[in-house]
Amino acid sequence: MMAGMSMPHSPPTLPTLLIREADVIATMDDQRRELRGASLLVRGAVIESIWPAGEMPPNARADEVIDARGHAVLPGLVNTHHHMYQSLTRAVPAAQNAELFGWLRVLYPIWAGLTPEMVQVSTQVAMAELLLSGCTTSSDHLYLYPNGVRLDDSIEAAAAIGMRFHAARGSMSVGESDGGLPPDTLVEREEVILADTQRVIETHHDHGRYAMLRVVAAPCSPFSVSPDLMRESASLARSLGTRLHTHLAENDHDIAYSRAKFNMTPAEYAESVGWLGDDVWHAHCVKLDAHGIGRFAATGTGVAHCPCSNMRLASGIAPIRRMLDAGVPVGLGVDGSASNDGAHLLAEARQGLLLARVGRAVEGALPGGPPTFGCDHGPAEMTARDMLAVATRGGATVLGRDDIGHLAPGMAADLAVFDLRSLGLAGGAVHDPVGALLLCAPTVAAFTIVNGRAVVREGRLTTVDLGPLVEQHNRLATKLVRA
């Protein structure tokens with residue numbers, strides 16, 4: 001060999017994972033194929049092959065093999081709206097029976113005591129719940145930054161636990177003295193908000209395919225930020241190639257505030273400040289009217305549907321069927337752990353399925369008879385597979401991803417594997433293993449694979465020790481509320 005020359009390096013060998021002979025693989029692909037007895041090969045962080053029953057090559061080998069007989073394999077579920085720090089304030093008695101604005105007024109003073117440690121620990125607790133429910137990708141909307149808290153605290157926690165993460169740099173800039181809802185002590189100056197939003201995007205955001213971390217510009221809500229901050233945040237996000245997220249049209253008080261403050265509906269206000277477009281998604285939209293639905297559909301603006309939180313706070317029932325029929329991108333969100341008190345995304349999908357069938361009560365009358373009360377929806381309003389699509393492909397679209405949400409060669413290796421032999425599925429999975437996952441009692445994932453890595457294995461989290469984590473979380477929750 002000549003001096004100064006060296007042998008070329010061989011490309012690293014990527015680890016392989018074979019999921020073998022699943023009872024069903026629900027691909028959620030364009031044809032919505034459900035493959036019985038199928039197998040799936042992962043190489044590195046990417047799905048390489050999916051073989052229907054009997055088509056797997058006889059010489060197929062892998063570094064790890066999961067025997068998936070008796071199991072269903074789904075795309076990893078996608079959570080499009082959360083406030084993970086709120087797991088510290090679940091079931092606080094004074095906030096248990098309040099609607100949105102009253103609930104916030106109780107909790108704002110408690111959240112003012114948040115510390116970086118609290119944000120890190122609560123983020124991991126929330127993510128542990130999500131991962132155990134088969135969720136592989138989550139957004140989180142952190143809009144409070146007291147006592148040195150930074151979005152970086154959430155980002156570090158997500159990297160340690162192994163979740164694909166869309167970190168939303170939230171903000172509040174209009175306090176009570178200026179007509180907003182939050183206390184003045186919890187708002188930030190708008191120049192500080194914009195500078196830090198730019199910092200975290202430029203420092204952490206990954207534009208690449210299969211990105212494990214993306215950062216979002218996310219002013220909190222119309223009642224806590226100014227129109228100028230909404231406009232400037234949208235301009236900043238678009239200049240840096242990232243997405244926008246906020247709350248919109250959550251309940252009647254939200255509508256009344258927009259009418260009184262801006263003389264517009266929430267959807268009209270959002271459009272006036274540049275917050276419609278296929279790079280935007282709004283949480284809740286319970287009170288989105290027909291005009292708003294039309295504008296969202298025309299512009300590709302997304303919605304994060306949060307059925308449990310909407311029920312818990314008595315906000316109402318979002319018109320999800322009408323949104324989907326109109327072409328609005330809709331994903332699923334568990335919302336904050338203090339307005340849902342849980343973060344089980346499969347349970348959220350079940351609740352969304354059932355709630356869509358209830359719809360809203362409508363009053364009518366038979367000719368010459370007394371008033372009657374009925375429903376504008378019905379049992380066929382939402383099927384289990386419709387809601388599974390919202391929880392997978394819908395969430396991927398809302399987050400602007402074409403690499404997650406369904407299973408196919410070339411897609412990210414994000415998978416949820418459920419044991420169909422569990423007690424809650426007895427007598428259901430034998431008839432319809434996919435439908436039973438949403439119609440029967442929600443179950444814990446047997447395996448959750450994120451980016452090709454098993455972060456849940458045989459129903460147990462592999463990346464953090466839950467016992468000490470929960471103990472630390474409960475100690476911090478007690479400290480926060482008592483303070």
Heavy-atom check, side chain of [X] versus side chain of [Y], under 4.5 Å:
X	Y	value
R350	H344	no
M387	V390	yes
L415	L40	yes
P329	V398	yes
H284	N310	yes
E250	C306	no
S87	H473	yes
L229	S171	yes

- Message: Tell me if the CZ atom of R20 is crowded by more than 12 foreign heavy atoms within 6.0 Å.
- Response: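 No, CZ of R20 has 12 or fewer neighbouring heavy atoms, counting only those of other groups under 6.0 Å.
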- Determine whether more than 12 heavy atoms belonging to other residues, nucleotides or ligands lie under 6.0 Å from atom CZ of R69.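 Not more than 12 within 6.0 Å, no.
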Nearest-0.5 Å distance, [atom1] of residue [X] to [atom2] of residue [Y]:
X	Y	atom1	atom2	answer
M127	M84	CE	CE	4.0 Å
D341	R312	CG	CZ	4.5 Å
T80	W281	OG1	CH2	7.5 Å
L236	R169	CG	CZ	11.0 Å
T197	L240	OG1	CG	9.5 Å
I19	I66	CD1	CD1	5.0 Å

Please confirm whether the backbone N or O of [Y] pairs with a side-chain atom of [X], one donor and one acceptor, at under 3.5 Å?
X	Y	result
R401	A211	yes
H305	L332	no
T301	V280	no
E34	A26	no
R321	E381	yes
D414	I404	no
H247	C220	yes
S235	E232	no
T123	S154	no
N251	H253	yes

Which heavy atom in [X] sits nearest to a heavy atom in [Y], and how many Å separate them?
X	Y	answer
T392	G76	CG2-O, 4.2 Å
L438	A349	CD2-CB, 4.0 Å
Y257	P222	CE2-O, 3.5 Å
A128	I161	N-CD1, 3.7 Å
I449	T136	O-CG2, 3.5 Å
A237	A217	CB-CB, 3.9 Å

State plainly whether the residues [X] and [Y] are in salt-bridge range, i.e. N to O under 4.0 Å.
X	Y	result
D252	R259	no
R421	D23	no
D254	K287	no

Go through the side-chain N and O atoms of [X] and [Y] and say whether any donor and acceptor fall under 3.5 Å apart.
X	Y	answer
S138	N79	yes
S309	S339	yes
H166	R243	no

- Item | Trace of the side chain to side chain donor-acceptor pair (under 3.5 Å) decision for E348 with N340 | CA-CA 9 Å; E348 196 74 35; N340 180 333; 2.7 Å; yes
- Message: Run F418 and L346 through side chain to side chain contact (heavy atoms under 4.5 Å, CB included) and show every step you take.
- Response: CA-CA 11 Å; F418 294 95; L346 194 63; 3.9 Å; yes
- Message: Let's go through S258 and M264 carefully: what are the C-alpha distance in whole Å and the side-chain angles of both, what is the deciding distance for side chain to side chain contact (heavy atoms under 4.5 Å, CB included) to 0.1 Å, and is it a yes or a no?
- Response: CA-CA 6 Å; S258 289; M264 302 180 203; 5.8 Å; no
- Message: side chain to side chain contact (heavy atoms under 4.5 Å, CB included) for V225 and M230? Distances and angles first, verdict last.
- Response: CA-CA 7 Å; V225 301; M230 294 291 286; 3.6 Å; yes
- Task: Over 60° means perpendicular and under 30° means parallel, so classify the ring planes of H83 and H141, tilted if in between.
- Result: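 H141 and H83: tilted rings.
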- Parallel, tilted or perpendicular: which fits the ring planes of H81 and H245, with parallel below 30° and perpendicular above 60°?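 Correct class here is perpendicular.
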- Task: Please test H207 against H205 for ring-ring contact (aromatic ring centres under 6.0 Å, His included), starting from the C-alpha separation and ending with a verdict.
- Result: CA-CA 6 Å; H207 293 275; H205 183 82; 4.3 Å; yes
- Task: Please assess F447 against T462 for the test side chain to side chain contact (heavy atoms under 4.5 Å, CB included), listing each intermediate value before the final yes or no.
- Result: CA-CA 10 Å; F447 294 86; T462 65; over 6 Å; no
- Message: As a quick check of understanding, evaluate salt bridge (Lys or Arg N to Asp or Glu O under 4.0 Å) for D289 and R295, giving each step before the final call.
- Response: CA-CA 10 Å; D289 59 14; R295 294 302 298 141; over 6 Å; no
- Candidate pair F101 and F223, rule ring-ring contact (aromatic ring centres under 6.0 Å, His included), full reasoning: CA-CA 10 Å; F101 280 22; F223 52 80; 4.8 Å; yes
